[in-house]
Amino acid sequence: MPEKNGAGPEKNGAEKVRVRFAPSPTGSLHLGSARTALFNHIFARHNGGVFVLRIEDTDLSRSTEDSAAGIVDGLAWLGLDWDEGPVYQSRRMDHYRAAVEDLLGRGRAYRCVCTPEELKQRREEAKKDGRPPGYDGRCRDRKDVPSGAPAAVRFRTETEGETRFEDLVKGPQTKRNAEIDDFVIQRTDGTPIFYLSVTVDDAEMAITHVIRGDDHIPNTFKQILLLQAMDSPLPHFAHLPLIHGLDKGRLSKRHGATSIQSYREQGYLPAAMNNYLARLGWSAGDQEVFTREELVEKFRLGDVGKSPAIFNPEKLLWLNAHHLREMPVAEMAALVRPFLEATGVPRIGSPEGRDEKWLERAVDAHKERSRTLVEMAESLAPYLADEITYEPAAERMLTEEITGPLAEAAARISGMTDTRPPAMEPVLREIAKQYGMKLGQVAQPIRAALVGKKVSPGIFDVIALMGREKTLSRIRRALEHVRAAGKTKSE
RNA sequence: GGUCCCUUCGUCUAGCGGUUAGGACACCGGCCUCUCACGUCGGUAACACGGGUUCGAUUCCCGUAGGGACCA
């Protein structure tokens with residue numbers, strides 16, 4: 001009879017927690033996989049356990065080394081460091097074969113020579129007759145299978161009783177053994193089937209908690225049967241609800257970016273990704289923002305919800321903006337540099353570029369209006385670029401009416417040596433007053449002239465960041481632009 | 001088709017028999033203000049449905065519906 005899976009880890013506190021993340025390297029690191037990895041990681045850290053990374057690449061036709069490298073890279077970027085591995089299943093084939101031989105030797109498995117065609121035919125017949133479509137057990141007790149003949153290996157499943165386990169997230173799970181057919185554990189070509197390799201590895205690696213997507217619940221029964229046949233202790237199981245897209249379907253490419261890598265490229269922070277992914281299906285009261293340390297401290301499997309969560313990019317964006325704001329400017333400056341360089345402006349620290357102190361000041365001034373590192377880089381680029389182009393909305397602010405104040409500002413600034421906010425503010429206020437305008441009516445065109453956008457930090461901060469020379473040349477260029485535009489219009 | 005899983009605002013969720021059903025994102029409005037943000041104050045918005053159990057169900061049980069997964 002199947003034994004009952006033990007209670008939670010509290011039952012035997014001496015147990016050293018060992019978990020694993022076991023991706024198949026058939027693509028980049030998916031958001032859903034990343035979340036599974038995260039939960040394994042923080043669970044291990046919370047319990048002072050060991051986190052193993054295992055690459056399930058036994059399906060050579062679909063696995064690629066690039067994918068494996070990309071996954072490893074993505075995990076490293078998220079800061080989900082592992083303690084053992086990466087272990088590649090493709091290098092452990094002898095273990096799987098040995099396990100199969102053992103099962104064969106003890107009569108827990110048998111060789112099957114049914115061909116795929118025969119199987120298909122019998123399956124269809126069974127379906128027609130309303131019988132279950134699983135394997136019919138034809139080779140189960142056959143004595144005439146030549147020992148040397150090529151054959152697949154099937155597990156001899158219990159026909160009575162039921163298999164059960166206590167899922168740490170979903171609760172008690174039961175399946176009648178009669179519903180589980182004699183599944184293949186080794187293909188005719190000698191390669192192991194997923195159930196077998198996973199089971200062997202989990203057992204040999206002494207995994208205590210299998211934390212994975214709930215699409216694996218049906219597999220779990222087979223794995224438990226296998227584990228029992230191998231006389232291995234059962235780990236605890238925790239199945240996480242899948243992440244869905246807005247249409248409630250399983251999250252996939254048609255819902256937008258699904259790979260961790262693409263969020264990295266879009267200027268998202270690992271801290272925000274981890275925070276968001278953790279809150280998808282897990283919560284700790286009303287808290288929304290977590291540092292990694294807090295996640296580790298507060299994470300409990302019992303607090304994971306049972307229902308699937310829909311991925312919401314807007315909340316991720318908000319969290320990213322939040323973590324960006326909280327970050328020390330020096331750190332943010334370092335992170336934004338590669339994004340800045342990608343815009344093609346002179347490098348920070350180069351003779352024609354600005355220095356690092358400047359970058360930190362600029363980052364500080366812009367951090368409250370940047371939600372991603374890409375946005376940050378885009379708003380910083382105008383300070384560094386030789387030439388700017390005006391966004392349409394900004395260009396509309398450069399009108400004939402403001403040439404007076406603009407020219408006046410240029411004249412006043414050219415006579416100043418100090419263009420820092422305390423010196424600039426009275427000057428612009430004075431000019432506004434002189435022309436009977438509000439400060440905003442003067443500030444907006446200057447903003448447009450300086451950065452080419454209608455949005456920026458406070459105008460005095462922008463001028464200080466821009467520097468006297470560049471401020472002057474940009475205002476003069478704007479003046480020329482208005483003049484040229486006026487000419488074209490009148491002709 | 002079979003088996004299994006899931007169901008509180010649009011979305012993420014809190015709730016664990018008695019609550020004006022709480023928070024967050026998004027949205028709307030006020031304040032702040034040189035723009036946009038940030039911040040802040042306020043607002044709209046949910047217990048899928050039907051039966052039970054109970055003095056009392058969002059909460060427990062059973063169905064139905066819907067969604068999902070797995071096997072084919």
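These numbers come from a predicted model, not from an experiment. Protein chains get the first letters and strands the later ones, always in sequence-line order, with residue 1 at the start of each.
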Are more than 12 heavy atoms, taken from residues, nucleotides or ligands other than [X], located less than 6.0 Å from that residue's [atom1] atom?
X: Arg62(A); atom1: CZ; answer: no
X: Lys367(A); atom1: NZ; answer: yes
X: Arg292(A); atom1: CZ; answer: yes

Compute the centroid of each ring, for [X] and then for [Y], and state whether the two points are separated by less than 6.0 Å.
X: Tyr390(A); Y: His481(A); value: yes
X: Tyr276(A); Y: Trp318(A); value: no
X: Phe43(A); Y: His209(A); value: yes
X: Phe299(A); Y: Trp282(A); value: yes
X: Phe221(A); Y: Phe165(A); value: yes
X: Phe39(A); Y: His46(A); value: no

At 4.0 Å (heavy atoms only), tell me whether [X] reaches a base, stays on the sugar-phosphate, or touches nothing.
X: Gly281(A); value: sugar-phosphate
X: Ile459(A); value: base
X: Pro457(A); value: base

Please state how far atom [atom1] in [X] lies from atom [atom2] in [N], giving the value in whole angstrom units.
X: Arg371(A); N: C36(B); atom1: CZ; atom2: C1'; value: 11 Å
X: Phe290(A); N: A24(B); atom1: CZ; atom2: P; value: 14 Å
X: Glu368(A); N: U33(B); atom1: CD; atom2: P; value: 16 Å
X: Asp303(A); N: G23(B); atom1: CG; atom2: P; value: 20 Å
X: His244(A); N: C12(B); atom1: NE2; atom2: C1'; value: 14 Å
X: Glu378(A); N: A37(B); atom1: CD; atom2: P; value: 17 Å
X: Gln287(A); N: G22(B); atom1: CD; atom2: C1'; value: 16 Å
X: Arg369(A); N: U33(B); atom1: CZ; atom2: P; value: 15 Å

Partner nucleotide of [N] by Watson-Crick or wobble geometry (both distances under 3.5 Å):
N: U19(B); result: none
N: A14(B); result: none
N: A69(B); result: U3(B)
N: A57(B); result: none
N: U64(B); result: A48(B)
N: C32(B); result: none

Given the [atom1] atoms of [N] and [M], what is the spacing between them in whole Å?
N: C62(B); M: U54(B); atom1: C1'; answer: 16 Å
N: A48(B); M: U7(B); atom1: P; answer: 10 Å
N: G67(B); M: G42(B); atom1: P; answer: 40 Å
N: C4(B); M: C60(B); atom1: C1'; answer: 22 Å
N: U13(B); M: U53(B); atom1: P; answer: 34 Å
N: C9(B); M: G1(B); atom1: P; answer: 28 Å
N: C47(B); M: G39(B); atom1: C1'; answer: 33 Å
N: U64(B); M: G18(B); atom1: P; answer: 29 Å

- Nucleotide nearest Asp215(A) when distance is taken to its side chain, options C25(B), C34(B), A69(B): A69(B)
- Query: Given C70(B), G23(B), C34(B), which nucleotide is nearest the side-chain atoms of Pro218(A)?
  - Reply: C70(B)
- Message: Check this for me: does the side-chain of Arg325(A) come within 3.5 Å of the base of C38(B) through a donor and an acceptor?
- Response: no
- Task: Return the 5'-most residue of the pair Arg279(A), Gln441(A) with respect to RNA chain B, ranking by each residue's nearest nucleotide.
- Result: Arg279(A)
- Message: Which is more 5' along RNA chain B, the nucleotide nearest Asn219(A) or the one nearest Ser370(A)? Just name the residue.
- Response: Ser370(A)
- Task: Going 5' to 3' through nucleotides 3-11 of chain B, assign each nucleotide B (protein heavy atom under 4.0 Å from a base atom), S (under 4.0 Å only from sugar-phosphate atoms) or - (no protein heavy atom that close).
- Result: S-SSS---B
- Under 4.0 angstrom between Ser283(A) side-chain N/O and A14(B) OP1 or OP2: yes
